Amino acid sequence: MSEYAGSPADSEAAASVAAASDAAAEAVVAAAGSERVSIATEEELKFAPGADQPVPDLSGLAYEAGGDSMQLDAVYFDSPDFRLSRAKLTLRRRTGGTDAGWHLKLPAGSARTEMHVDLSDGDETRVPAELLAVVREEVGQVPLIPVALLSTARTTTLLAERAGGPAVAELSDDHVTAVRFARPGVAAARSEWRELEVELIEAGTGQVLLDGIAEIFAAAGIEPAAAPSKLARALGTAPELVAQRTLDRKSPLVQTVLAAMAEHIGVLQHREQDVAVDAPDAVHKARVASRRLRSILKTFAPLFDANSVIRLREELKWFATRLGYARDAEVQLERLPRLLDDLPAEAITEGVAEQMTQMLTAHHRTSVANVKRTLSTVRYRTLLASLQHWLEDPPFNPGWDASARTGKAYRPMLDAAIAKVRRQHRKVRATSGAEQLVHRHEVRKKAKVVRYVCEALSLALGTPAAEAAEAWEAVTEHYGELNDAAVAREWILQLARRAEADGYPSFTYGVLFGTQLHHTEASLADADRVLKRAFETKL
């Protein structure tokens, strides 16, 4: 196994052995620059001997150069639809042996590229960011959950081409016990087998020895392993069967809902590192994913255990709120200084732009730091684990008919969500002033729930649900303008008070406050128009 790690030159070598997409190869190169990551080329042959069949005598071909016995336990991760396995990627967390850690294997011609990250505390289900980046470039933002556990009792023998020479290959005699985990639509399965594995220590060196061993094994009646990897044998036909399933109106509603949840859980998993470094739009996408999950859980609560829904929604709300502080600060940092461009010069006091930017930047920086601290908390790690477990073993409501089809079962739940928007809008028409704005904000929040539910249903219902989602998205966008103006007014008041406390004039802030009041009044008619259209949209 040849290895590369930790320098620009090594990164180039890593890219050369990764027969992946250009973007994935770039992610491999980037990972190779991390001190945590080592990258190697793996070249091996696997064989399927009988349970008690002796290992053929290799003394005429190779010389023993040592060996060991060990116990290896590995949890393998994949998406609920086995996207990694179908793309010939293998992701595992292994303990035991000499290379315990996280491993990601990618196709590399006739060999494989293996990336390795050492284990660290609290990472039992948290895939290292460097490996996650490569996965994302290969198969997208898929959620990753444990799919199998493999326990291997391994006896190794190092092989040299001459007496006293360096080992060029390692022969492993493996006794494997595999458990494929049960999930919705995938039954649990347990299997045991024996496997012989011959791996070159330095890829490309010792090929003659590898070919000779293959010939000796063939002469002894030991066939090459039928499956390309231990994981492939453990999973059996599950990846192909799951890939053949497509969501439509006849699909069980529980499948549609879980598929929608999986998309948003994948976003949270893959965006974590971007959120931590405040990458562009990362906080926003993570916040929206949290809100989508809360909306889906709220609307489709009858499918699941009530207490489980309540707990998970509360934790998602907690996380979304933490993200919200940073997102609001980000939005206002972009929005408020631009408002000055629309004011006449005589309305702008000297230095106000610099004051505003300085205060908003400081607040944004503090909010982002708080988000980063949130990501390191036990509560956040527990939330991620809970989301992962929801896909592994959903807490279904035993009183719900799991076979109920999407096309028939969704209607009462969607209608109930729309009814909440109607009731809230009646409160808007019955009030005025500040009280009315509060109710309009609630209309927006409830309209978002409908929008997100329609988006989820579009996975099975197709175009009609997607068009309904677009109609409700227009509502949330227009009502969002009202909310942004209201939030901007609050920020303007805070900035004005801060300016006065620091001895600066607050005249410009008063002018800005007035523009946001006017903006709100001008947006009311458009908001009501798009809401009426959404109510008329049929699904």
Side-chain angles (χ1 to χ4, degrees), residues 247 249 251-265 287-314 316-317 320 390 394 396-397 399-401 404-430 438-480 482-483 527-539:
L247 291 173
R249 300 184 67 88
S251 300
L253 181 59
V254 294
Q255 289 186 10
T256 300
V257 171
L258 289 174
M261 291 185 68
E263 287 188 2
H264 309 315
I265 291 171
R287 186 189 189 193
V288 170
S290 301
R291 287 177 163 178
R292 282 185 163 101
L293 285 166
R294 290 191 74 237
S295 297
I296 291 170
L297 287 167
K298 180 178 183 179
T299 303
F300 297 110
L303 281 63
F304 305 105
D305 171 71
N307 289 330
S308 297
V309 169
I310 291 171
R311 286 194 298 270
L312 188 54
R313 291 192 73 242
E314 286 177 347
L316 285 166
K317 181 180 181 180
W390 200 283
F396 288 127
N397 175 6
W400 175 262
D401 178 8
R405 296 180 175 182
T406 300
K408 292 184 178 180
Y410 82 90
R411 187 79 258 173
M413 300 176 203
L414 178 59
D415 286 347
I418 294 174
K420 291 178 181 178
V421 183
R422 291 187 184 277
R423 288 195 296 270
Q424 194 65 50
H425 190 241
R426 285 197 290 270
K427 294 180 181 179
V428 169
R429 291 180 297 184
V438 171
H439 290 308
R440 286 188 180 277
H441 180 53
E442 289 300 315
V443 167
R444 179 191 181 222
K445 289 164 63 176
K446 290 174 171 53
K448 275 190 173 183
V449 172
V450 178
R451 169 192 167 185
Y452 295 153
V453 167
C454 289
E455 288 175 348
L457 291 170
S458 69
L459 298 177
L461 303 183
T463 300
E467 291 177 346
E470 289 178 1
W472 285 100
E473 181 180 8
V475 175
T476 62
E477 291 298 322
H478 279 75
Y479 274 80
L482 296 176
N483 183 68
D528 289 337
R529 175 177 52 80
V530 295
L531 179 60
K532 183 175 183 291
R533 184 183 302 164
F535 281 140
E536 294 171 350
T537 302
K538 302 300 180 183
L539 173 57

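As the structure is a computational prediction, the values presented were derived from the model and not from experiment.
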Is there a side-chain contact between [X] and [Y] in this structure, where contact means two heavy atoms from C-beta onward sitting under 4.5 Å apart?
X: Phe300; Y: Thr256; result: no
X: Phe304; Y: Leu312; result: no
X: Leu247; Y: Gln255; result: yes
X: Leu539; Y: Arg411; result: yes
X: Leu253; Y: Lys408; result: no

Pair Tyr452-Val288, side chain to side chain contact (heavy atoms under 4.5 Å, CB included): steps then yes or no: CA-CA 10 Å; Tyr452 295 153; Val288 170; 4.0 Å; yes
Step-by-step side chain to side chain contact (heavy atoms under 4.5 Å, CB included) determination, Asp528 to His425: CA-CA 9 Å; Asp528 289 337; His425 190 241; 3.5 Å; yes
Atom of [X], atom of [Y] and distance for their closest heavy-atom approach:
X: Pro302; Y: Asn397; value: O-ND2, 3.0 Å
X: Lys298; Y: Lys420; value: CE-NZ, 3.7 Å
X: Val475; Y: Val530; value: CG2-O, 3.5 Å
X: Ala460; Y: Thr406; value: CB-CG2, 3.9 Å
X: Leu303; Y: Val254; value: CD2-CG1, 3.6 Å
X: Leu414; Y: Cys454; value: CD1-SG, 4.1 Å

Audit row: Val453, Tyr410, side chain to side chain contact (heavy atoms under 4.5 Å, CB included) steps and yes/no: CA-CA 10 Å; Val453 167; Tyr410 82 90; over 6 Å; no
Looking at [atom1] of [X] and [atom2] of [Y], how far apart are the two atoms once the value is rounded to the nearest 0.5 Å?
X: Gln424; Y: Arg444; atom1: CD; atom2: CZ; answer: 14.0 Å
X: Glu470; Y: Thr463; atom1: CD; atom2: OG1; answer: 9.5 Å
X: Ile296; Y: Glu455; atom1: CD1; atom2: CD; answer: 8.5 Å
X: Arg292; Y: Arg451; atom1: CZ; atom2: CZ; answer: 5.5 Å
X: Ile265; Y: Leu258; atom1: CD1; atom2: CG; answer: 8.5 Å
X: Met413; Y: Leu457; atom1: CE; atom2: CG; answer: 10.0 Å

Residues Asp415, Arg422: salt bridge by 4.0 Å N-O rule: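 Not counted as a salt bridge, because no side-chain N and carboxylate O are separated by less than 4.0 Å.
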Salt-bridge contact Lys445-Glu442 (side-chain N to carboxylate O under 4.0 Å):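 Result for this pair is yes, salt bridge flagged.
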Under 3.5 Å: donor-acceptor pair, side chain of His478, backbone of Ala474: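 Answer holds: yes.
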Side chain Ser458, main chain Ala465, donor-acceptor under 3.5 Å: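 No, Ser458 side chain to Ala465 backbone: no donor-acceptor pair under 3.5 Å.
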Candidate pair Trp472 and Leu531, rule side chain to side chain contact (heavy atoms under 4.5 Å, CB included), full reasoning: CA-CA 8 Å; Trp472 285 100; Leu531 179 60; 3.9 Å; yes
Atom CZ of Arg313 with >12 non-hydrogen neighbours under 6.0 angstrom: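 Result for CZ/Arg313: enclosed.
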